[in-house]
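A short worksheet on the structure shown next.
One-based numbering, in listed order, for ligands and for the atoms of each.
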Amino acid sequence: MSASRNILLLPGDGIGPEVMAQARRVLDWLQSTGRGRFEVTEDLVGGAAIDAHGVPVRDATVARALAADAVLFGSVGGPKWDSVPFEIRPEAGLLRLRKELGVFANLRPAKVFDALVESSSLKPELVRGLDIMIVRECIGGIYFGEPRGIETLPDGSQRGVNTESYTTQEITRVGRVAFDLARARQGRVCSVEKANVMESGLLWRQVMTALHAAEYADVPLTHMYADNCAMQLARNPRQFDVIVTGNLFGDLLSDLAAMLTGSLGLLPSATLGAVDAAGRRHALYEPIHGSAPDIAGKGLANPLAQILSLALLLRYSFGMTQDAALIELAVENTLGSAGRTADIPAPGRATLSTAQMGDAVLAELGRLG
Ligand code: IPM
Ligand code: MG
């Protein structure tokens, strides 16, 4: 059996701990059936870390994340921390982790399960079979650009500033991830920016065009303005295969794409760094949904996005392709046959709690495995 892998769990706030507990059961199942050996540790992030330590992520936690083979993240934030200083808000913990891990490529698949075609807010015929991959640049752009801040003007009024900036190298490395994925999916790449308004977008388009010509001429590439892309996602989402875009547009478009699938509670994501000489890369896996404070602690949350994030972790960080596929199949079968959590109700199906949905997935894993 292969060496034990070191996984750091960061459940975070709100529904994070509840859904993480279900992903952990799946990890335990993989261990108990001899499919993998994991050393699992847990730490605080976000509001939970603020409450305990006064910061949204401790240096020691960042160090553990850097040392881990992979990090599985829950969600952060909630009204409880609305009034903490901006610099130490819960979200800053996640942003710092992304930055320090250097995980620049955020992969956000939006896939419609057949059993959930009716849950989409779009007509079934528009979303059936939908399978999009959004590749969002994750440690650059306006999220991190300088200058930034709020300054006081001579007349006493204030000015808030953020800066969108992208370098050739930042665009190229995320572009390669998108083209490589498209090759594996036998698909096409749509590069998204606002080259009609922003210089950073103009450079983005030029660099993507050059990269395509130099290394990926076999993969069809198109370009789209971000506003048009939002419209096209709502109009005819199946025209897309891989979308590659900057940090802020990727944040917006991935929420939109996610909703096409029927529930934010179903979508995982993987955020990957560069592969080093030893073939290793830092990676952070997290559901797309937030901490959902309104339902936290009630056992109502859907744990499937967290469980599917674990599947992505197994696939991308550990090369455990079969086990990842097994978990994905178990989730798909569960959606087709068992009850449902409250976010994706179906007529005639029982409403399951978070733990009951975990039970259903484990039962299906047991049956399949
Ligand atoms: C996301 C979230 C984060 C982001 C927040 C929580 C900082 O919206 O992962 O999409 O804006 O990146
Ligand atoms: Mg977001």
Side-chain angles (χ1 to χ4, degrees), residues 10-17 19-20 44-50 55-57 61-62 65 71-82 84-110 132-145 148 160 162-164 166 170 174 192 226 229-230 233 243-261 263-273 282-294 296 301 305-306 308-309 312-313:
L10 297 174
D13 307 322
I15 61 170
V19 295
M20 186 67 85
L44 300 176
V45 70
I50 296 174
V55 287
V57 64
T61 310
V62 173
V71 181
L72 187 62
F73 190 95
S75 52
V76 288
K80 181 176 177 197
W81 302 282
D82 275 353
V84 303
F86 185 74
E87 298 70 37
I88 61 154
R89 69 203 185 285
E91 290 79 2
L94 173 59
L95 296 173
R96 179 174 171 206
L97 275 169
R98 287 178 182 162
K99 190 73 174 177
E100 298 225 17
L101 290 173
V103 287
F104 62 86
N106 183 203
L107 278 45
R108 300 197 153 182
I132 301 177
M133 177 68 88
I134 296 190
V135 180
R136 167 193 179 194
E137 199 292 326
C138 211
I139 55 171
I142 200 162
Y143 272 54
F144 293 95
R148 65 183 300 159
N162 290 93
T163 303
E164 170 84 354
Y166 272 114
E170 287 173 312
V174 77
V192 172
C229 182
L233 274 170
I243 292 174
V244 60
T245 189
N247 209 342
L248 181 60
F249 295 145
D251 183 44
L252 304 178
L253 295 173
S254 62
D255 264 27
L256 174 53
M259 203 54 221
L260 302 178
T261 70
S263 169
L264 281 175
L266 281 173
L267 294 181
S269 81
T271 317
L272 309 176
H282 292 304
L284 183 75
Y285 299 85
E286 52 177 309
I288 289 192
H289 62 67
S291 58
D294 51 322
Q306 190 74 61
L308 290 169
S309 296
L312 290 185
L313 181 157

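Although no hydrogens or angles enter the test, the distance criterion places no donor-acceptor pair under 3.5 Å between the side chain of Glu91 and the main chain of Gly46. Side-chain atoms of Glu137 come within 3.5 Å of backbone N or O of Ile139 as a donor-acceptor pair. Panel note: side chain Ser291, backbone Gly77; a donor-acceptor pair is recorded below 3.5 Å.
With a 4.5 Å cut-off on side-chain heavy atoms, Lys80 and Asp13 do not count as touching. Within the 4.5 Å cutoff, the side chain of Leu233 has heavy atoms near those of the Ile243 side chain. Counting only heavy atoms from C-beta outward, the side chains of Leu97 and Val71 never approach each other to under 4.5 Å.
Near ligand 1, residues Glu91, Arg98, Arg108, Arg136, Tyr143, Asp251 come within 4.0 angstrom through at least one heavy atom.
Here the Mg ion (ligand 2) has protein N, O or S atoms under 2.8 Å from it, and they come to 1.
In this structure Arg96 satisfies the salt bridge (Lys or Arg N to Asp or Glu O under 4.0 Å) test together with Asp59, Glu100, sequence neighbours excluded.
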May I have the list of side-chain donor-acceptor pairs in residues 247-255 shorter than 3.5 Å, sequence neighbours left out?
from: Asn247; atom 1: OD1; to: Arg136; atom 2: NE; distance (Å): 3.0
from: Asn247; atom 1: OD1; to: Arg136; atom 2: NH2; distance (Å): 2.8
from: Asn247; atom 1: ND2; to: Cys138; atom 2: O; distance (Å): 3.4
from: Asn247; atom 1: ND2; to: Gly140; atom 2: O; distance (Å): 3.0
from: Asp251; atom 1: OD2; to: Tyr143; atom 2: OH; distance (Å): 3.1
from: Ser254; atom 1: OG; to: Arg108; atom 2: NH1; distance (Å): 2.9
from: Ser254; atom 1: OG; to: Gly250; atom 2: O; distance (Å): 2.7
from: Ser254; atom 1: OG; to: Asp251; atom 2: O; distance (Å): 3.2

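Taken from CD1 in Ile134 to CG in Leu107, the straight-line distance is 10.5 Å, to the nearest 0.5 Å.
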